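Below, chains carry the letters A, B, ... as their sequence lines are ordered, and counting in each starts from 1. Excluded from the calculations below are hydrogen atoms, water molecules and symmetry mates; all remaining heavy atoms, backbone and side chain alike, are included. Only a predicted model underlies this, so the values are computations on that prediction, with no experimental measurement involved.
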Number of protein chains: 2
Amino acid sequence: MTEPRWLDEGEKAAWIAFLSATNLVNRRLEQQLKDDAGLSHTQYEVLVQLNAAADGALRMTELADRLVTSKSGLTYQITQLERAGLVSRRSCPSDVRGVFAEITDQGREALRSAAPGHVEAVRQALIDVLTPEQLGHIAAGLGEVSRRLRAEPRCPSQAPQGA
Amino acid sequence: MTEPRWLDEGEKAAWIAFLSATNLVNRRLEQQLKDDAGLSHTQYEVLVQLNAAADGALRMTELADRLVTSKSGLTYQITQLERAGLVSRRSCPSDVRGVFAEITDQGREALRSAAPGHVEAVRQALIDVLTPEQLGHIAAGLGEVSRRLRAEPRCPSQAPQGA
DNA sequence: ACTCCGTTGTTAAAATTTGAACCACCGGCG
DNA sequence: CGCCGGTGGTTCAAATTTTAACAACGGAGT
């Protein structure tokens, strides 16, 4: 066990900025959505995904993957949204176990109504703070980060042994 | 009420990458710390902050601000850490209401023992995925985002009227 | 058709977070 | 001194997330 590779100054700065910014942005958006639309950020994202989906519906597992949330967590949130009339459950014809979450007209309406305020908040918190170049760098960098983490569920060291 | 300024393709890509990456990274680190050190990410950060502080101690409110967490949330976590013997509470001499959270020797030891695995995970999830240039761009961009959000608790539109 | 393993979604219980309500106290002012 | 608005932490209940079972099912191999 050799000495770990600690972060140098630049790396530490990036890490701290990342931690701090993500927490602050999340907190801000959560607040804005709750105050202005009565939705949690998770719930909002559910509506976004369903609204964009082909039939306004997605399988539970697929949806959970997209939202980066646990299946049980999704079950809970879908139940809440269903109770609010924004989403409904439908069983899958080809697989008895399967369940589709489907956005309702009321759900689409809620989304339409919440979207402008949300987008504005996203701009204020993140987008409009950065230059287009910075935005591009972040999209590229964090896009790569996402891609890798999605590909590799958990591996101690998958790096190909050099040479 | 004019038509909201929706996100263009590039902005949307950046936003999605941001959302996705932050969720995935957080999830990964949470898991790693829990598995390898029995700490939540929040608890780990508490130890980091206290360890770095002058006397190994910080006021509750100061700590809550640094961690971007609520005061009641911190009260809970400090209680947990205290129960585990990693932190202790000490009252403030100059202000009867005040409470210091102070890291114990055992806490420092726990941190020392958890740090290498954590740093390695941070590298795998974020740092080593990016080039030094990308890291620099992210540090600059997200640093600015943090700075602004910390400065402006909540303002509909604080932008100075042009001219 | 039957067995076995992996999947799908839900459930239950525990852990954590949130938000409001609270108490006690600080500090400035009359 | 005594009052007042604001601060620092905690407490409580409600909401949400996590984790580990669970029950039922799909699908491939035999």
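- The side chain of Thr75(B) lies closest to dT11(D), out of dT11(D), dG26(D), dT16(C).
- Backbone-only engagement by Thr42(A) is indicated by non-hydrogen atom pairs under 4.0 Å involving sugar-phosphate atoms exclusively.
- Between dG9(C), dC25(C), dT16(C), one nucleotide has an atom nearer to the side chain of Met60(A) than all others, and that is dG9(C).
- Electrostatic pairing of Arg27(A) and Glu30(A) does not count as a salt bridge here, judged by no charged N lying under 4.0 Å from a carboxylate O.
- For the pair Glu30(A) CD and dT17(D) P, the computed distance is 8 Å after rounding to whole Å.
- Using a 4.0 Å heavy-atom criterion, one finds that Ser72(B) contacts the bases of the nucleic acid, with or without backbone contacts as well.
- Closest to the Tyr76(B) side chain, of the nucleotides dT19(D), dG8(D), dT17(C), is dT17(C).
- One finds a salt bridge joining Glu144(B) and Arg147(B) here, because a Lys/Arg side-chain nitrogen approaches an Asp/Glu carboxylate oxygen to under 4.0 Å.
- In Asp8(B), the CG atom is crowded: over 12 heavy atoms of neighbouring residues, nucleotides or ligands sit closer than 6.0 Å.
- Look at CZ on Arg90(B): it is 16 Å from C1' on dG9(D), rounded to the nearest Å.
- Distance, His41(B) NE2 to dT17(C) P: 12 Å, rounded to whole Å.
- Using a 4.0 Å heavy-atom criterion, one finds that Gly98(A) contacts the sugar-phosphate atoms exclusively.
- If you check the side chains of Arg66(B) and Ser20(A), you find no donor sitting under 3.5 Å from an acceptor.
- Between Arg59(B) and dT7(D), a side-chain N or O to OP1/OP2 separation shorter than 4.0 Å is absent.
- Ring geometry for His41(A) versus Tyr44(A): interplanar angle of 30 to 60°, hence tilted.
- Distances shorter than 4.0 Å separate some side-chain N or O of Gln80(A) from OP1 or OP2 on dT16(D).
- Summarising the geometry, the separation between CG on Leu67(A) and P on dT16(D) is reported as 15 Å, rounded to the nearest angstrom.
- Each of dG9(D), dC25(D), dG6(D) was ranked by its minimum atom distance to the side chain of Lys71(B); first place goes to dG9(D).
- Between the CG atom of Asn26(B) and the P atom of dT17(D) there is a distance of 14 Å, rounded to whole Å.
- The side chain of Arg89(B) contributes an N or O atom lying less than 4.0 Å from OP1 or OP2 of dT10(D).
- Taking only side-chain atoms of Thr61(A), from C-beta outward, the nucleotide of dC25(C), dG6(C), dG9(C) with the closest atom is dG9(C).
- As a whole-Å value, the separation of Leu74(A) CG from dT19(D) P is 16 Å.
- In this structure, the nucleotide among dA15(D), dT10(D), dG6(C) sitting nearest to the side chain of Val99(B) is dT10(D).
- OP1 or OP2 of dT18(D) sits under 4.0 Å from a side-chain N or O of Arg27(B).
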